[in-house]
Number of protein chains: 2
Amino acid sequence: MSDVARLAGVSIKTVSRVVNDEPGVHPDTAERVLAAIEQLGFRRNLGARNLRRGMSTGTIGLVLEDVGNPFYSVLTRAVEEVARAFGRQVLTGSSAEDPARERELALEFCSRRVDGLIVVPAGMQHGYLVPEMRAGTPVVFVDRPAGDVVADTVLVDNLGGTAAMVDHLARYGHSRIAFLGDAPDIFTASERLRGFREGCAKAGIRYDESLVVMGPHTDAAVASSVRRLLSGADPATALITGNNRITIMVLRALSTLDARPAVAGFDDFELADLLAPPVTVLAHDIAAMGRAAAELLFARMEGDTSPPRRIVLPANIIPRGSGEVRP
Amino acid sequence: MSDVARLAGVSIKTVSRVVNDEPGVHPDTAERVLAAIEQLGFRRNLGARNLRRGMSTGTIGLVLEDVGNPFYSVLTRAVEEVARAFGRQVLTGSSAEDPARERELALEFCSRRVDGLIVVPAGMQHGYLVPEMRAGTPVVFVDRPAGDVVADTVLVDNLGGTAAMVDHLARYGHSRIAFLGDAPDIFTASERLRGFREGCAKAGIRYDESLVVMGPHTDAAVASSVRRLLSGADPATALITGNNRITIMVLRALSTLDARPAVAGFDDFELADLLAPPVTVLAHDIAAMGRAAAELLFARMEGDTSPPRRIVLPANIIPRGSGEVRP
DNA sequence: CGCCACCATGACAACGTTGTCGGAACCAGG
DNA sequence: CCTGGTTCCGACAACGTTGTCATGGTGGCG
């Protein structure tokens with residue numbers, strides 16, 4: 001900036017005025033300054049600006065599990081879109097389901113003085129965020145609740161959705177329903193398992209522990225679980241899968257077998273409708289979740305101090321065929 | 001920081017020393033300082049630090065078309081992974097295929113003084129980046145080349161891959177091959193079209209313009225194009241689709257028809273192997289592309305001044321069935 | 001005891017920007 | 001001519017941090 005000032009023969013303050021469209025600069029002077037800016041390829045340093053002005057850095061942080069997963073990338077896009085509407089940039093980072101990494105990313109973002117933070121929790125401890133929240137950085141948790149802090153949270157109705165799916169299968173005559181879920185220390189996985197149990201209870205189905213397989217999963221392990229579940233004296237006639245990854249693993253396993261159990265999965269996924277048979281899923285609007293979280297965050301950033309909210313979005317059964325077969 | 005200093009009864013410089021693990025601080029003093037930091041929830045302001053130190057901000061910018069698209073989200077994750085290895089954060093933004101938005105994002109990132117920029121070009125004009133590049137910000141283009149600047153670029157062998165696919169279909173006896181590509185002003189789309197023409201020439205197939213449909217596409221438009229291509233006196237017996245989106249649109253259209261032409265698509269996609277029939281694709285390693293771009297960028301950031309490189313990654317046919325049927 | 005080396009610490013400037021304030025130049029009106 | 005107001009502009013401090021240098025105290029050694 002001082003280079004520009006020197007070249008234009010004015011003070012740096014005048015350059016600052018031109019750059020910020022402040023009034024009180026003679027048009028001729030402004031023109032000279034603009035020419036100098038152009039010539040030198042000057043671009044104002046936003047870091048210095050934010051330091052001086054002290055308020056907003058114009059950025060928000062987004063910590064999620066893996067941007068590479070379509071689930072989170074859709075979420076990211078939705079957050080980005082809202083941020084854009086509010087004129088903010090988004091810093092993203094993937095925690096890879098590692099609480100230490102989540103913490104590291106979140107605190108790094110705080111060090112960069114993001115105006116707000118959206119977190120898909122990897123762990124159950126979030127006390128480390130308390131000082132930041134007290135210092136005025138709003139935090140919104142998405143997809144899973146925070147472990148030990150009260151804060152805004154946007155969730156899907158994991159429990160109710162899964163229970164509804166059990167009911168759905170039961171209506172088609174299934175009483176031997178297996179559940180393949182993710183690692184039970186992941187909130188969504190344990191909620192869905194709870195939903196499965198409640199669904200069984202409501203539908204009057206005996207909850208059989210041997211029909212429940214929880215992760216973490218590998219393709220091979222899922223394949224052997226599926227084989228086991230579908231064989232024996234009293235095999236499963238229907239499978240509920242706990243998320244899109246597992247659904248796909250199961251479908252891949254089934255493609256090598258003759259058995260054709262009913263299949264219904266949590267999370268919708270692309271091409272589910274084109275498979276043979278089309279896959280029945282419990283769908284929820286991921287983009288809506290991202291938007292809700294981002295809008296909540298921006299409301300906080302703009303001074304909303306109402307009590308923390310918990311938004312629970314519905315999950316709806318999309319019957320496509322795979323879940324509508326009788327035993 | 002001055003608050004911490006006051007509470008600990010030392011100068012801010014001493015606090016700075018403690019925060020940065022600089023030597024020459026008495027252990028007792030350091031302990032007092034750490035206690036004060038803990039008590040106040042102090043976190044050093046990275047913005048101010050970067051300003052003072054003047055060198056790296058520890059961030060890179062990534063401008064792509066849409067993080068929500070699995071293609072780019074995998075790319076993003078790969079870039080993020082490399083950035084993590086080098087201790088950097090990633091700023092992302094989606095251009096939505098709008099050159100103005102791409103420019104806006106890239107320049108915004110430059111204003112934030114990113115250490116480097118990875119861009120999936122939306123437009124053909126990138127002269128606006130020249131001042132930034134001259135000022136020392138390395139830029140790497142991915143997936144598509146820059147319009148009018150010479151810079152490092154990582155591409156896929158669009159032309160050769162598509163030509164190989166024509167050859168592949170010709171070997172199975174097809175001579176009426178249709179091509180459904182994206183908007184021809186997108187580099188990858190026009191390259192793939194060129195590859196299609198060259199492939200036809202090499203295979204001794206007459207290039208028939210009426211068998212070529214370029215985007216932008218909607219589901220409805222693709223469906224009607226497919227119907228047209230497969231009917232009439234001399235219908236197409238094979239379809240080549242120009243990217244994963246179009247492949248899926250075509251598959252969806254075909255699912256409502258009786259015709260079963262050979263289908264082969266550019267870009268691999270999840271579940272391609274589980275469809276009936278499994279879909280033959282031209283696969284390339286998107287994560288490898290992201291890694292290559294990021295590694296190139298970091299090499300530049302660390303002072304590599306060799307001439308700009310152009311890395312072209314191969315695209316390989318994965319025959320799964322849909323492309324191996326005879327007319 | 002005197003000198004030097006070394007350790008721990010602090011004062012100060014600087015990074016690039018903007019907010020505050022004051023001042024020079026000009027004009028209009030008395 | 002003076003007064004008061006307006007317009008344009010620059011000097012200076014400050015944001016939070018770190019690099020440089022100076023300083024006071026302590027211990028070892030001749």
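Reckoned from all heavy atoms, side chains included, excluding hydrogens, waters and symmetry mates.
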Estimated bend of the helix from C:dC1-D:dG30 to C:dG30-D:dC1 (axis per five terminal pairs, rounded to 10 degrees): 60°
Output the rounded distance in Å from [atom1] ([X]) to [atom2] ([N]).
X	N	atom1	atom2	value
A:Leu51	C:dG19	CG	C1'	14 Å
A:Asp28	C:dA25	CG	P	18 Å
B:Lys13	D:dT20	NZ	C1'	9 Å
A:Asn50	D:dT17	CG	C1'	15 Å
B:Leu40	D:dG16	CG	P	14 Å
A:Asp3	C:dC15	CG	P	11 Å

Report the residues that fulfil salt bridge (charged side-chain N to carboxylate O under 4.0 Å, His left out) with [X], sequence neighbours left out, ordered by chain and then residue number.
X	result
B:Asp182	none
A:Arg245	B:Glu270
B:Glu97	B:Arg144

Please tell me which of the listed nucleotides, [options], lies nearest to the side chain of [X]?
X	options	value
A:Arg49	C:dG16, C:dT17, C:dG19	C:dT17
A:Val25	D:dT17, D:dC9, C:dA8	D:dC9
A:Asn45	D:dG16, D:dC8, C:dT17	C:dT17
A:Thr29	D:dC8, C:dG19, D:dT17	D:dC8
B:Arg53	C:dT9, C:dG16, D:dT18	D:dT18

Which residues share a ring-ring contact (aromatic ring centres under 6.0 Å, His included) with B:Phe71, sequence neighbours left out: B:His284
Sorted by number, the residues of residues 15-24 of chain A with heavy-atom contact under 4.0 Å to DNA chain C: A:Ser16, A:Asn20, A:Glu22
No-hydrogen, no-angle side-chain donor-acceptor test under 3.5 Å, B:Gln89 and B:Thr59: no
A:Asn20 versus A:Arg44, side-chain donor and acceptor atoms under 3.5 Å: yes
Distance-only donor-acceptor test, A:Arg52 side-chain atoms vs C:dT18 base atoms, 3.5 Å: yes
Note: A:Glu104-B:Arg84 ion pair, threshold 4.0 Å (strictly below): yes
Salt bridge present between B:Arg291 and B:Glu81 (N-O < 4.0 angstrom): no
Plane angle bin for B:Phe298 and B:Phe86 - parallel if under 30°, tilted between 30 and 60°, otherwise perpendicular: parallel
B:His26 vs B:Arg113, nearer the 5' end of DNA chain C by closest nucleotide: B:His26
Heavy-atom donor-acceptor pair, B:Thr153 side chain to B:Ala151 backbone, under 3.5 Å: yes
Sugar-phosphate, base or nothing in reach of B:Ser2, heavy atoms under 4.0 Å: nothing
Sugar-phosphate, base or nothing in reach of B:Ile12, heavy atoms under 4.0 Å: base
Any A:Ser11 side-chain N or O less than 4.0 Å from OP1/OP2 of D:dC9: no
